[in-house]
Engineer: 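The structure that follows is given in the form of structure tokens.
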Amino acid sequence: MANIVVVGAQWGDEGKGKVVDVLAPHADAVVRYQGGNNAGHTVVVGREKFVLQSIPSGILNPGTRCVIGCGVVIDPASLIQEMESLVQRGVSLDANLYISKNAHLIMPYHPALDRASEAQAGDRRIGTTGKGVGPAYADKAARVGIRMADLLDERLFREKLEYNVRQKNRLLREIYDAETFTVEGILGPYLRFAGWLAPYITDTALLLSRWIDSGASIIFEGAQGTMLDIDHGTYPFITSSNTTAGGAATGTGVPPTKLHGVLGISKAYCTRVGGGPFPTELDGAVADLIRKRGNEFGSVTGRPRRCGWVDAVGLRYAARINGFDTIAITKLDVLDACETVKACVGYRYRGEVFTDFPEEETILRDAEPVYEELSGWQTSTHGLRDYAELPSKAREYLERLSELIGVGCSLISTGAVRDDTILMAGSVLKRWYPGL
Ligand code: IMP
């Protein structure tokens, strides 16, 4: 029984939601371990499109239990809305959704602080989703955060809320000249949320440990991507959690010794939303083509995504940091129209070529990509389900990519729906999930 971590290898939006949805019927549970409602995991089932923000993508598979781990930050209003919308669309949550008692809450002052600090940041603006994720994690690290369990203890909740409202109001008023909050204005709605969420809140680390002991197979679903990791990403243009595989252990309470493998997900090209370095970013016709064909607009914010060629230097780094056993390449069909396709194999900076991912902010910002160019295939791969059916040039591209990253490919996605998927015979993924 495999416990597998699914991690984005780029700046998020790699298609983790779709891959998890494909794997979920072969697992007993799917667990989210970090991030919050800044994520937007798009899953298309039949003609229906679901965008999941805090709830694991496994929820669309009846019988797969879903857990929101302690490493996630939760905006209760947004979570309840997501739950209601799933229920309205016929998805069952009873005995299917579990929320960690230790997960921190996003409070109304967090999005306010997020927006206020962004408004003052000028060139250093991160381009956050504005959901309050960074400020909520800042409170967690500063040991003044409020957790799900506190929501169930009215006295303790009020005590922590009073302290925070006093502190945040000073910040909002004196530093940011922004609107302030009242304890009563937050207490009422949050106590109502508590009533709603109470049946789902539990000790999820204990639950997961019991499930694992009884032989369950668990998928750990990462949000965002490696390059947005707070320690290993393009700091400070990152999100505020550990998006990389190590986060799966700390963000759930499942020990690293119980994790069996890591699956990295990368698009056949690359995108980024928000500010920060992106060495292979393109503008002009190719970027427009990718954005249009790939529908590269943020699923949470609607922002147009920055688009570029695949960055094999970054992907090899992601493979090293996460310990990818195998990779999945998504959205191959988006490149069908390209005459040539390129992969970045080095960064040129002040006359030197770096083939190992540099961590220095200035090198990343000013580096020029060194490309390897391959011919495009200029024929439709959309919806193909068999590797042998792919045009030979597409196979050459995928094989070269795999070689550059240093990891074998297990799955190729050729479209949005579950079935637009090529599973590689004899791959690591097939070994983990023999029923695939
Ligand atoms: P935050 O997570 O809202 O604080 O945003 C920090 C950075 O991470 C910004 O550049 C966001 O655009 C980016 N980001 C956050 N969540 C996602 C995601 O789910 N996909 C892609 N980028 C994201």
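Order of listing sets the numbers, starting from 1, for every ligand and every atom in it. Note: hydrogens, waters and symmetry copies are ignored here, and every other heavy atom, side chains too, is used. Position 1 is the first residue of the sequence, and the numbers go up from there.
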Engineer: Does this structure show an ion pair linking Glu403 with Arg400, if we count only N-O contacts that are shorter than 4.0 Å?
Structural biologist: yes

Engineer: Mind checking whether Thr239 has an N or O less than 3.5 Å away from an N or O of ligand 1?
Structural biologist: yes

Engineer: Counting only heavy atoms from other residues, nucleotides and ligands, does the tally under 6.0 Å from CZ of Phe297 exceed 12?
Structural biologist: yes

Engineer: Once you restrict to heavy atoms under 4.0 Å, what part of Asp114 touches ligand 1? Side chain, backbone, both or neither.
Structural biologist: neither

Engineer: Counting only heavy atoms, which portion of Thr129 has something under 4.0 Å from ligand 1: side chain, backbone, both, or neither?
Structural biologist: both

Engineer: Would you mind listing which atoms of ligand 1 come within a distance below 4.0 Å of any non-hydrogen atom of Arg303?
Structural biologist: 11 (C), 12 (O)

Engineer: With Leu79 as reference, evaluate Ile99, Val72, Asn37 under the side chain to side chain contact (heavy atoms under 4.5 Å, CB included) test and give the passing residue.
Structural biologist: Ile99

Engineer: In the protein, what heavy atom is nearest to atom 17 (C) of ligand 1, and what distance, to one decimal place, separates them?
Structural biologist: Gln224 CG, 3.5 Å

Engineer: Can you list the atoms of ligand 1 that are under 4.0 Å from a heavy atom of Gly127?
Structural biologist: 9 (C), 10 (O), 11 (C), 12 (O)

Engineer: Hey, is Ala39 one of the residues with a heavy atom under 4.0 angstrom from ligand 1?
Structural biologist: yes

Engineer: Could you check whether Lys18 pairs with Asp21 (Lys NZ or Arg NE/NH1/NH2 to Asp/Glu carboxylate O, under 4.0 Å)?
Structural biologist: no

Engineer: Just say parallel, tilted or perpendicular for the rings of Trp377 and Tyr397, cut-offs at 30° and 60°.
Structural biologist: tilted

Engineer: Given Ile412, which of Lys331, Met424, Arg385 fulfils the side chain to side chain contact (heavy atoms under 4.5 Å, CB included) condition?
Structural biologist: Met424

Engineer: Indicate, as side chain, backbone, both or neither, the part of Phe237 found under 4.0 angstrom from ligand 1 when only non-hydrogen atoms are considered.
Structural biologist: neither

Engineer: At less than 4.0 angstrom from any non-hydrogen atom of Leu228, what atoms of ligand 1 do you find?
Structural biologist: 8 (O), 13 (C), 14 (N), 22 (N), 23 (C)

Engineer: Assess the side chains of Asp229 and Thr244: does a donor N or O sit below 3.5 Å from an acceptor N or O?
Structural biologist: yes

Engineer: So, are Glu162 and Arg166 salt-bridged, with charged N and O less than 4.0 Å apart?
Structural biologist: no

Engineer: For ligand 1, which part of Gln53 has a heavy atom less than 4.0 Å away: the side chain, the backbone, both, or neither?
Structural biologist: neither

Engineer: Would you tell me whether Asn242 and Thr250 have side-chain atoms, one donor and one acceptor, within less than 3.5 Å of each other?
Structural biologist: no

Engineer: With atom 5 (O) of ligand 1 as the reference point, say which of Thr271, Thr128, Val73 has the nearest heavy atom.
Structural biologist: Thr128

Engineer: Suppose we measure from atom 6 (C) of ligand 1 to each protein heavy atom; which comes out shortest, and what is that distance?
Structural biologist: Ile238 O, 3.3 Å

Engineer: Check contact between Lys131 and ligand 1, using heavy atoms of the residue and a distance below 4.0 angstrom.
Structural biologist: no

Engineer: Within the structure, does Val273 bring an N/O atom to less than 3.5 angstrom of an N/O atom in ligand 1?
Structural biologist: yes

Engineer: May I ask you to list the atoms of ligand 1 that are less than 4.0 angstrom from any heavy atom of Asp13?
Structural biologist: 20 (N), 21 (C)

Engineer: For Trp11, counting its heavy atoms only, list the atoms of ligand 1 lying under 4.0 Å from any of them.
Structural biologist: 21 (C), 22 (N)

Engineer: Verify the distance criterion only: is there a donor paired with an acceptor across the side chains of Glu359 and Tyr317 at less than 3.5 Å?
Structural biologist: yes

